[in-house]
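For reference, the structure is listed below as structure tokens.
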Number of protein chains: 2
Amino acid sequence: MNYSKQREVVLNSLKENVIHPTAENLYSIIQIEYPEVSKATLYRNLSQLAKAGLIRKIDGLDSSAHFDHNTKLHYHFICEKCGKVFDISTDVAQNIVKKAEQETGFKITSHEIVFKGLCKDCKN
Amino acid sequence: MNYSKQREVVLNSLKENVIHPTAENLYSIIQIEYPEVSKATLYRNLSQLAKAGLIRKIDGLDSSAHFDHNTKLHYHFICEKCGKVFDISTDVAQNIVKKAEQETGFKITSHEIVFKGLCKDCKN
DNA sequence: GTATAAAATAAGAATAATTATCAATTTGAG
DNA sequence: CTCAAATTGATAATTATTCTTATTTTATAC
């Protein structure tokens, strides 16, 4: 991966926006300061950065993919009322990969857990 | 929900095709015997049946949603080589909802676990 | 520094999956 | 049987994302 100004902007924007943004969220945010970053470039870089392991793509939350600056293993919760995404620690499912591999005999290379419901604020 | 012939066809086809098909998979299958079921009707009925809890929609496996005739709680694995989807029992993550609710204080109404990797056949 | 090949870009077209529109048909309660 | 509500087929529209192409940047070799 060569250096590019646009990729740096994408990566930094994600690091500064810890809200698990979608590509469109990030595009709006980036547009304000860096209108020179096009949508195609944003999508391309998000893919590349995720493939390189520098960021993480989160599927299954809602109709679009969200992106996470935090590459350490953890899970996610999306509030069905306000749409906010929160982290859930791996404590909730210990040794889950080992257990699943033992049960199935498959080789597991990645996994994601998505919880849905109401966050603390929206519950009331 | 009123009765409709088309909805019956959709539900029965899913029950007979335990392969976790996508909407397009199911459309191809249904077309052969029941060309009178349109694509719009298929999508509409899959949504309605899922909302009514008679089937389950699985997100996060790949670019399209898959559907499951089995509404009992369980998790999923998709083989990144052959694309087949397999069930994973809830044993791999016991009390996960309770744990996540205790950790966060959120109200969790649903969750899904998606594993990716290589199935037994593709591993070799 | 200059040449140059590989990588990256912007702009917009294209695609894939899904949802919406709407007139016509079907269903079910009274 | 009647009529409103539900459902349908056909197709347009939408959403999210990827692809195309000509141009520009970057890294490297001289």
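Everything quoted here is computed from the prediction, not taken from an experiment. Just the heavy atoms: all of them, side chains too, but no hydrogens, waters or symmetry mates, feed the values below. Proteins get letters first, then strands, A, B, ... in listed order; numbering begins at 1 in each.
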Would you kindly give the NZ-to-C1' distance between A/Lys5 and D/dT25, to the nearest whole Å?
13 Å

For residues 117-124 of chain A, which side-chain N or O atoms pair as donor and acceptor with protein atoms under 3.5 Å away, sequence neighbours left out?
from     : atom 1 : to       : atom 2 : distance (Å)
A/Lys123 : NZ     : B/Gly105 : O      : 2.7
A/Asn124 : ND2    : A/Lys120 : O      : 3.2

For the pair made of CG in A/Leu42 and C1' in C/dA11, what is the distance, rounded to whole Å?
15 Å

Give the residues of residues 9-23 of chain B touching DNA chain D, defined as any heavy atom closer than 4.0 Å, sorted by residue number.
none

Figure out the CD/C1' separation between B/Gln6 and C/dT27, and round it to whole Å.
12 Å

For the pair made of CG in A/Leu26 and P in D/dA16, what is the distance, rounded to whole Å?
14 Å

Anything under 3.5 Å between a protein N or O and an N or O of nucleotides 28-30 of chain C, put it in a table, one pair a line.
from   : atom 1 : to     : atom 2 : distance (Å)
C/dG28 : OP1    : B/Tyr3 : N      : 3.3

So which nucleotide from C/dA8, C/dA20, C/dT18 ends up closest to the side chain of B/Ala65?
C/dT18

side-chain contact (heavy atoms from CB on, under 4.5 Å) filter on B/Thr90, not counting sequence neighbours, yields B/Leu73, B/Tyr75

Is there a chain of hydrophobic side chains (I, L, V, M, F, W, Y, each step under 4.5 Å between heavy atoms) that links A/Tyr43 to A/Leu26?
no

For residues 15-23 of chain B, dump all side-chain donor-acceptor pairs below 3.5 Å to protein atoms at least two apart in sequence or in another chain.
from    : atom 1 : to      : atom 2 : distance (Å)
B/Asn17 : ND2    : B/Ser13 : O      : 2.8
B/His20 : ND1    : B/Val85 : O      : 3.4
B/His20 : NE2    : B/Asp68 : OD2    : 3.4
B/His20 : NE2    : B/Asp87 : OD1    : 2.8
B/Thr22 : OG1    : B/Glu24 : N      : 3.4
B/Thr22 : OG1    : B/Asn25 : N      : 3.0
B/Thr22 : OG1    : B/Asn25 : OD1    : 3.1
B/Thr22 : OG1    : B/Asn25 : ND2    : 3.4

Separation of C/dA17 atom P from B/His66 atom NE2, nearest Å, is 10 Å

Does B/Ser89 have any side-chain contact (heavy atoms from CB on, under 4.5 Å) partners at least two apart in sequence or in another chain, and if so, which?
A/Glu103, B/Asp91

Taking only residues at least two apart or on different chains, which pairs with a member in residues 105-119 of chain B satisfy salt bridge (Lys or Arg N to Asp or Glu O under 4.0 Å)?
B/Arg56-B/Glu112, B/Glu101-B/Lys107

Check whether any side-chain N or O of B/Ser38 sits under 4.0 Å from OP1 or OP2 of D/dT8, and answer yes or no.
no

Share the residues that join B/Ile32 in a hydrophobic cluster, the rule being Ile, Leu, Val, Met, Phe, Trp or Tyr side chains under 4.5 Å apart at the heavy-atom level.
none

Does A/Glu8 have any side-chain contact (heavy atoms from CB on, under 4.5 Å) partners at least two apart in sequence or in another chain, and if so, which?
A/Tyr3, A/Lys5, A/Asn12

Go through the structure and list residues passing side-chain contact (heavy atoms from CB on, under 4.5 Å) with B/Ser47, not counting sequence neighbours.
none

Interatomic distance, B/Glu8 CD vs D/dT7 P [rounded to whole Å]
14 Å

Do B/His111 and A/Val92 come close enough that some side-chain heavy atom pair is under 4.5 Å?
no

Between D/dA16 (P) and A/Leu61 (CG): distance, integer Å:
14 Å

Choosing from C/dT9, D/dT8, C/dT18, which nucleotide comes nearest the side chain of B/Lys39?
C/dT18

What is the distance from CG of B/Asp62 to P of D/dT18, rounded to the nearest Å?
13 Å

Looking at residues at least two apart in the chain, or sitting in another chain, which of them share a side-chain hydrogen bond (donor to acceptor under 3.5 Å, both in side chains) with A/Glu80?
B/Thr109

Please give me every residue in residues 43-58 of chain A whose heavy atoms get under 4.0 Å of an atom in DNA chain C, ordered by residue number.
A/Arg44, A/Asn45, A/Gln48

